[in-house]
Structure formats: structure tokens, C-alpha cells
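Residue indices begin at 1 and follow the sequence shown. We count ligands from 1, going down the list as the structure has it; atoms in each ligand are counted the same way.
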Amino acid sequence: MAAEVLEGKAIAEAIRAEAGAQARACKARGVTPGLAAVLVGDNPASTSYVSAKTKACAEAGIFSETLRFPAALSQTELLLKIGELNRDRRFHGILVQLPLPQQINEAAVTNAVAPEKDVDGLSLASMGRLLLGEPHFIPCTPHGILQLLLRTGHDPEGKHVVICGRSNLVGKPLAVLLMQKRKGANATVTVCHTATRDLASHTRQADILVVAAGHPNTVTREMVKPGAVVIDVGINRVEDATKKAGYRLVGDVDFEGVKAVAGAITPVPGGVGPLTVAMLLVNTVKAAELALARQG
Ligand code: L34
């Protein structure tokens, strides 16, 4: 039997509507949630992700502004800008879209965002809190994956989750999130990466398999246990002359092959990507609510 396709897009729409209702409640109390999106350079994928984010903000009644900088921007200039945004009361959240050009140290920049505005959840403070089990802002993609699992009836509690990929953006925070001793988490977690030997021997153990490796076809049919839930985080552009854009999007999983054995699988596009966007809105509204609470 073919796998159930987990439509992230529909779930993301529901979450965005919830965030919109909360944004209206903030407005009624005198504060419009605001997001500053920082985009350095003109990477086409980053540009399209940031515009998806600001468009979703507008639909949810969240004020947003995109600050665009040339690829040659220095780290010092970027840090100065972030300092300004930290002090700008119109913005409750600051997003610095990654990757950044090579002359800029990403850790220095993500960590310069004030903890109360760190809606991407990537600063030392946010990551440390997550690790110690007192999460504040949870990074958007891992949070979105957890919401997708919970809202489609695949509670990870007690399950063996195997994650392929150990990035700071996805694999690492997701592993920490899923191992927490609390409702909606509580999984047994294995993290595989580029030095893992015999990857298939690990992936075949997974009740829930999350693939965030950054390469098409990292996971194929024979690597998946029958009935497993497969979450494909990858977004790769592959050349396709039949498409107007000259390319099409594929994930890190061989979708057609794996669909034949898995119990459930996320598509690309329309799977995890839209949830990343939705969770940024959730975090931004939360930042505005916390600002309101501080005002008393
Ligand atoms: N700081 N950098 C920071 N935070 C993030 O959370 C991200 N990420 C990743 C890259 N860099 C980041 C994103 O925003 C990946 N990512 C992201 C956001 C949105 C989408 C995909 C990745 C998305 O909307 N994907 C659509 C299709 C997009 C398209 O057509 O190109 C989808 O359906 O998957």
C-alpha cells in the first residue's frame, strides 16, 4: 500500500491562521507584531524564502520589513545593523536568513540578535535553553517538523527517530527537541551524519526517519522500514528542461521509491518548507506577546 502523503502546506495554513488570530489580539492591546528580515546577497533560494516569509506575515497581520544588503557587506557593518534592529521597538523579531557570504561568521551574527528577538531560535541563549529543557524560541524547521508529526497523529513519544544530518539549523536542535522528557516529544533519537558507517543499517531501524542531508536520493526505498514515517527536509534544485524555470525541486528522499514502502511521507515542495515559514510567524507573535507582558 502506498504511503499517506503528509500535506505540510495545509497544516501550515492552519498554523498561520492561528498566528493571525493571536496577532490581532496583540493589535487590540496596542502592539502590532513586527519582524525584521535581513537578507545579504542575492542567493535566489534565500530571496524566495524571505519573500515567502514576509508575504505570510502580511497575510497574518504581522508588520514586516526586509533589509537587503549587497553580498560584499562586512561582518562589522552587519553587526552594527543588528544592533540597531535590537533597539528598534517596531520589531519584536529579527531573522537573519542563512547562508551568509563567506566573509561573515554566521555564529557571530546569529548570536548578536537580542535573545528576546531571536525568533529563529539560533542564538546561544535560545539553543542553550532548548538543550536544558527550558525552550524559549524553538528553531522554525525543527518546530515545524514536530507540529507536522503531532497534527498528523504521529506522536514521537517512545518511537525511534533517526535523523540524517547534524546541522545547527535542523538536525541538532531537532534531536534535542525530540529527546526532551515531555508530552509530544520523548523519543529515542539517533543522529546520523557524513561519518556514519552503513547508513542504511541505522535508517532501517527508524519508526520516524527525518532526512536533512542536503543531497537528493540520500534515502532510497531499501533504506526504509515498511510503514515508517518519512520526513523529507531537503530542498534541492535539479535541472529540468521541461520546466519553465529550467529546474524542479526535489527533496533528499527518493519520493516515488520510498512512498511504496513507507507508512507516511512528506512531499517536496509542500511538505516541511511551508511549516518553517508558519513557525516563524508563531515565534514572532510570541515575541510580541512577551513584549506586551513586560510592559505590564
Ligand atoms: N536563519 N536561515 C534562517 N532560518 C531559517 O529557517 C532558514 N531556512 C532554511 C534556509 N535558511 C534559513 C528557511 O527559511 C530553509 N528555509 C526554507 C524556508 C521556506 C521554504 C523552504 C526552506 C519554502 O517555502 N519551501 C517551499 C517551496 C519553495 C520554492 O518554491 O522554492 C516548499 O513547498 O517546500
Side-chain angles (χ1 to χ4, degrees), residues 5-13 15-16 35-57 59 64 66-67 69 78 82 85 93-101 104-113 117-123 126-127 130 137-148 165 167-174 177 210-214 216 231-238 240 243-253 255 265-284:
V5 176
L6 302 173
E7 303 289 354
K9 209 173 157 189
I11 296 163
E13 271 165 26
I15 294 173
R16 282 162 52 176
L35 173 75
V38 176
L39 185 58
V40 185
D42 54 6
N43 178 321
S46 296
T47 305
S48 105
Y49 300 158
V50 168
S51 67
K53 290 172 181 185
T54 52
K55 188 164 162 264
C57 278
E59 281 172 21
S64 77
T66 304
L67 297 101
F69 299 100
L78 182 54
I82 289 176
L85 294 172
I94 301 169
L95 154 80
V96 184
Q97 188 71 18
L98 302 176
L100 291 170
I104 297 176
N105 178 328
E106 287 185 353
V109 171
T110 50
N111 198 41
V113 174
K117 297 194 178 188
D118 181 26
V119 289
D120 234 5
L122 301 176
S123 68
S126 297
M127 286 287 202
L130 182 63
F137 295 113
I138 301 172
C140 299
T141 303
H143 200 185
I145 292 168
L146 191 59
Q147 286 299 317
L148 177 82
S167 69
N168 288 338
L169 204 53
V170 184
K172 214 183 280 180
L174 181 64
L177 189 59
V210 182
V211 191
I231 307 292
D232 190 351
V233 189
I235 303 198
N236 306 289
R237 293 182 172 198
V238 299
D240 186 340
K243 297 278 183 252
K244 207 165 70 191
Y247 69 86
R248 68 191 151 87
L249 293 180
V250 300
D252 291 351
V253 174
F255 183 81
I265 186 168
T266 60
V268 177
V272 173
L275 281 157
T276 298
V277 175
M279 298 324 290
L280 178 67
L281 306 196
V282 169
N283 280 351
T284 302

So between M279, Q97, K9, K53, whose heavy atom ends up nearest atom 10 (C) of ligand 1?
Q97
Is there a side-chain contact between C140 and L280, using heavy atoms and a 4.5 Å cut-off?
yes
Is any side-chain heavy atom of L100 closer than 4.5 Å to a side-chain heavy atom of L98?
yes
Measure across V250 and V268 and return the closest heavy-atom pair with its distance rounded to 0.1 Å.
C-CG1, 3.8 Å
Report yes if the side chains of L275 and I11 come closer than 4.5 Å at any heavy-atom pair, otherwise no.
yes
Short side-chain to backbone donor-acceptor contact, N283 and F137, under 3.5 Å
no
Test item: C57 and T284 side chains (from C-beta on) under 4.5 Å apart, heavy atoms
no
Closest non-hydrogen atoms of V113 and D118, given as atom of the first, atom of the second and distance, are CG1-CA, 3.7 Å
Proximal ligand 1 atoms for I235, defined as those under 4.0 Å from one of its heavy atoms:
21 (C), 22 (C), 25 (N), 34 (O)
Top protein contact for atom 16 (N) of ligand 1, by heavy-atom distance:
Y49 CD1, 3.8 Å
Which residue owns the protein heavy atom closest to atom 29 (C) of ligand 1, what's the atom, and how far is it?
L249 CD1, 3.6 Å
Ligand 1 to P274, heavy atom cutoff 4.0 Å, flagged ligand atoms 32 (C), 33 (O), 34 (O)
Rounded to the nearest 0.5 Å, how far apart are CG of L85 and NZ of K117?
7.5 Å
Give the atoms of ligand 1, by number and element, whose distance to some non-hydrogen atom of T276 is under 4.0 Å.
6 (O), 13 (C), 14 (O)
Heavy atom to atom 33 (O) of ligand 1, shortest distance: which of G270, G8, A56 holds it?
G270
Can you check whether G246's main-chain N or O pairs, donor with acceptor, with D240's side chain at less than 3.5 Å?
no
Considering heavy atoms of the protein only, find what lies nearest to atom 9 (C) of ligand 1 and give residue, atom and distance to 0.1 Å.
L169 CD2, 3.7 Å
Show the atoms of ligand 1 that are less than 4.0 angstrom away from any heavy atom in V96.
1 (N), 3 (C)
Report yes or no: does a heavy atom of V268 sit under 4.0 Å from some atom of ligand 1?
no
Which of the numbered atoms in ligand 1 are under 4.0 angstrom from any heavy atom belonging to S48?
31 (O)
For P269, atoms of ligand 1 separated by under 4.0 Å from a heavy atom
32 (C), 33 (O), 34 (O)
Which segment of L280 sits under 4.0 Å of ligand 1 when only heavy atoms are counted:
neither
Indicate yes or no for a side-chain donor-acceptor contact from T266 to the backbone of D232 under 3.5 Å, with no hydrogens or angles considered.
yes
Going by distance only, is there an N or O of D120 that falls short of 3.5 Å from an N or O of ligand 1?
yes
Starting from atom 2 (N) of ligand 1, what is the nearest protein heavy atom, named by residue and atom, and what distance separates them?
L98 N, 3.0 Å
